[in-house]
Amino acid sequence: SYESLASYNTYAKAEHTSQDAATLSEKWENNSIDVAVVDPPYYGSIHYAELSDIFYVIQKQYLQDVHPDIFSGKLSNKDDEAIANPARFDGLATGEHSQKELADEYYEDKMEDIFGEIRELLTEGGVMTVMFTHRDMDAWDTLTSALIKAGFTITATHPIKTEMSDRISMRGNASADSSILLVGRKAADNETESAPTLWEDIQADIHDVAEQEAKSILDSGFNISKTDTAISAYGPTLQKYAQEHPVVNKKGEEIRPRE
């Protein structure tokens with residue numbers, strides 16, 4: 001109830017900041033945070049900076065003197081935005097890498113920097129919760145890879161319904177109404193340098209994990225779409241993958257989460 005939640009409020013002074021999430025150590029000390037809750041940019045679904053330009057040009061007229069660092073440009077800063085936008089790499093793609101591949105790599109690198117910064121801020125027993133949802137497996141692939149490369153392991157996953165099924169922007173689409181809460185903790189140094197796991201040795205186990213989770217959801221009697229069932233079942237497979245990382249095939253080639 002609200003009363004129970006309100007009882008936890010100690011009325012402590014809150015600190016807030018507006019800055020690049022990869023530079024949080026400029027404000028807080030390492031090993032000083034017990035819990036980090038992250039709602040990251042949704043891959044390429046929303047171009048936040050472009051959408052904010054209409055407000056930026058209006059607010060600049062009134063707030064430039066108050067926040068000159070924020071309103072120094074003609075439009076919002078898009079160079080440092082953590083999204084996967086292939087249009088930004090127009091003319092930069094080569095025969096080896098497409099615009100989409102470059103955009104995915106950029107997003108993954110940015111999120112790795114952010115997760116890495118959070119890892120440094122967390123205490124040894126600290127926990128990070130990441131709320132994410134997307135129908136595109138490439139989105140999950142880049143986000144999960146960034147989290148693991150930053151030195152985290154996934155210890156739990158929790159599917160929750162976070163979106164309205166009848167929201168106007170998604171009518172007529174097989175949209176996702178559920179998000180997955182990924183619970184991450186610092187991986188031990190020996191875990192980040194562990195020997196590779198052979199994909200063929202764990203492939204069946206990962207499929208079984210997904211099947212058991214999907215069956216559990218269907219047996220629960222909840223009214224949930226096929227899209228949300230698939231996303232919810234995907235969470236435990238990410239947890240299993242993270243525990244076995246790095247994962248390679250018989251040729252020694254890296255197996256990424258989407259595979």
Item to check | Single-linkage hydrophobic cluster Ile180~Val183, side-chain heavy atoms < 4.5 angstrom | outcome: no

Item to check | Atom pair NZ (Lys60) and CD1 (Ile70), whose distance is rounded to the nearest 0.5 Å | outcome: 12.5 Å

Item to check | Asp201 atom CG: more than 12 heavy-atom contacts under 6.0 Å | outcome: yes

Checklist entry - How long is the gap from NE2 on His67 to CD on Gln59, to the nearest 0.5 Å? => result 9.5 Å

Checklist entry - Listed by chain and number, what are the ring-ring contact (aromatic ring centres under 6.0 Å, His included) partners of Tyr107, not counting sequence neighbours? => result Tyr43

Next on the checklist: To the closest 0.5 Å, what do you measure between NZ (Lys240) and OG1 (Thr197)?
Outcome noted: 8.5 Å

Expected list for residues 71-83: side-chain donor-acceptor pairs under 3.5 angstrom, two or more places apart:
unit_1 : atom_1 : unit_2 : atom_2 : d
Ser76  : OG     : Ala49  : O      : 2.9
Ser76  : OG     : Asp53  : OD1    : 2.6
Ser76  : OG     : Lys78  : NZ     : 3.4
Asn77  : OD1    : Asp79  : N      : 3.0
Asn77  : ND2    : Asp80  : OD2    : 2.9
Lys78  : NZ     : Asp53  : OD1    : 3.2
Lys78  : NZ     : Asp53  : OD2    : 2.8
Lys78  : NZ     : Ser76  : O      : 3.3
Glu81  : OE1    : Arg88  : NH2    : 2.6
Glu81  : OE2    : Tyr48  : N      : 3.0
Glu81  : OE2    : Ala49  : N      : 2.9

Checklist entry - What distance separates Leu198 CG from Asn249 CG, expressed to the nearest 0.5 Å? => result 7.5 Å

Checklist entry - Just by modelled atom types, is the Gly126 backbone N or O under 3.5 Å from a matching donor or acceptor in the Lys186 side chain? => result no

Checklist entry - Among side-chain atoms of Glu117 and Thr23, is any donor-acceptor pair under 3.5 angstrom? => result no

For a quick test of your reading: what N or O donor-acceptor pairs under 3.5 Å do the side chains of residues 208-217 make, sequence neighbours left out?
unit_1 : atom_1 : unit_2 : atom_2 : d
Lys215 : NZ     : Asp219 : OD2    : 2.9

Item to check | Between CD1 on residue Ile160 and OG1 on residue Thr157, distance to nearest 0.5 Å | outcome: 11.5 Å

Next on the checklist: Holding to side chain to side chain donor-acceptor pair (under 3.5 Å), I want the full list of residues that pass it with Gln99, two or more places apart in sequence or in another chain.
Outcome noted: none

Item to check | Glu244 side chain reached by Asp205 side chain, heavy atoms, under 4.5 Å | outcome: no

Next on the checklist: Do His97 and Phe89 make a side-chain contact, defined as non-hydrogen atoms from C-beta onward lying under 4.5 Å apart?
Outcome noted: no

Checklist entry - So if you build clusters from Ile, Leu, Val, Met, Phe, Trp, Tyr with side-chain heavy-atom gaps below 4.5 Å, do Phe115 and Leu181 land together? => result yes

Checklist outcome for this item: Across all chains, not counting sequence neighbours, the salt bridge (Lys or Arg N to Asp or Glu O under 4.0 Å) partners of Glu253 are none

Next on the checklist: Could you see if Met131 belongs to whatever hydrophobic cluster contains Phe152? Use Ile, Leu, Val, Met, Phe, Trp, Tyr and a side-chain cutoff under 4.5 Å.
Outcome noted: yes

Checklist entry - How far apart are the closest heavy atoms of Val248 and Glu200, and which atoms are they? => result O-OE1, 4.3 Å

Next on the checklist: Main chain of Thr155, side chain of Gln239: is a donor-acceptor contact present, judged purely on distance under 3.5 Å?
Outcome noted: yes

Checklist entry - Closest approach of Ala84 and Pro86, non-hydrogen atoms and distance? => result O-CD, 3.5 Å

Item to check | Close side-chain approach of Ser25 to Asn30, heavy-atom, < 4.5 Å | outcome: yes

Checklist entry - With a 4.5 Å limit on heavy-atom distance, are the side chains of Tyr234 and Met137 in contact? => result yes

Checklist entry - Is there a path from Tyr42 to Leu51 through hydrophobic residues (I, L, V, M, F, W, Y) whose side chains come within less than 4.5 Å of each other? => result yes

Next on the checklist: Do Leu24 and Val130 sit in one hydrophobic cluster, given that two such residues count as connected whenever their side-chain heavy atoms are within less than 4.5 Å of each other, even indirectly?
Outcome noted: yes

Checklist outcome for this item: Heavy-atom closest pair (Tyr241 atom, Val247 atom, distance to 0.1 Å) is CE1-CG2, 3.8 Å

N/O donor-acceptor pairs under 3.5 Å from side chains in residues 143-151, not counting sequence neighbours:
unit_1 : atom_1 : unit_2 : atom_2 : d
Thr144 : OG1    : Trp140 : O      : 2.8
Ser145 : OG     : Asp141 : O      : 2.8
Ser145 : OG     : Arg256 : NH2    : 3.2
Lys149 : NZ     : Glu108 : OE2    : 2.6

Next on the checklist: Checking the side chain of Arg185 only, and the main-chain atoms of Thr153 only, is there a donor and an acceptor separated by less than 3.5 Å?
Outcome noted: no

Checklist entry - In Å and rounded to the nearest 0.5 Å, what is the CG to OH distance from Leu63 to Tyr56? => result 10.5 Å

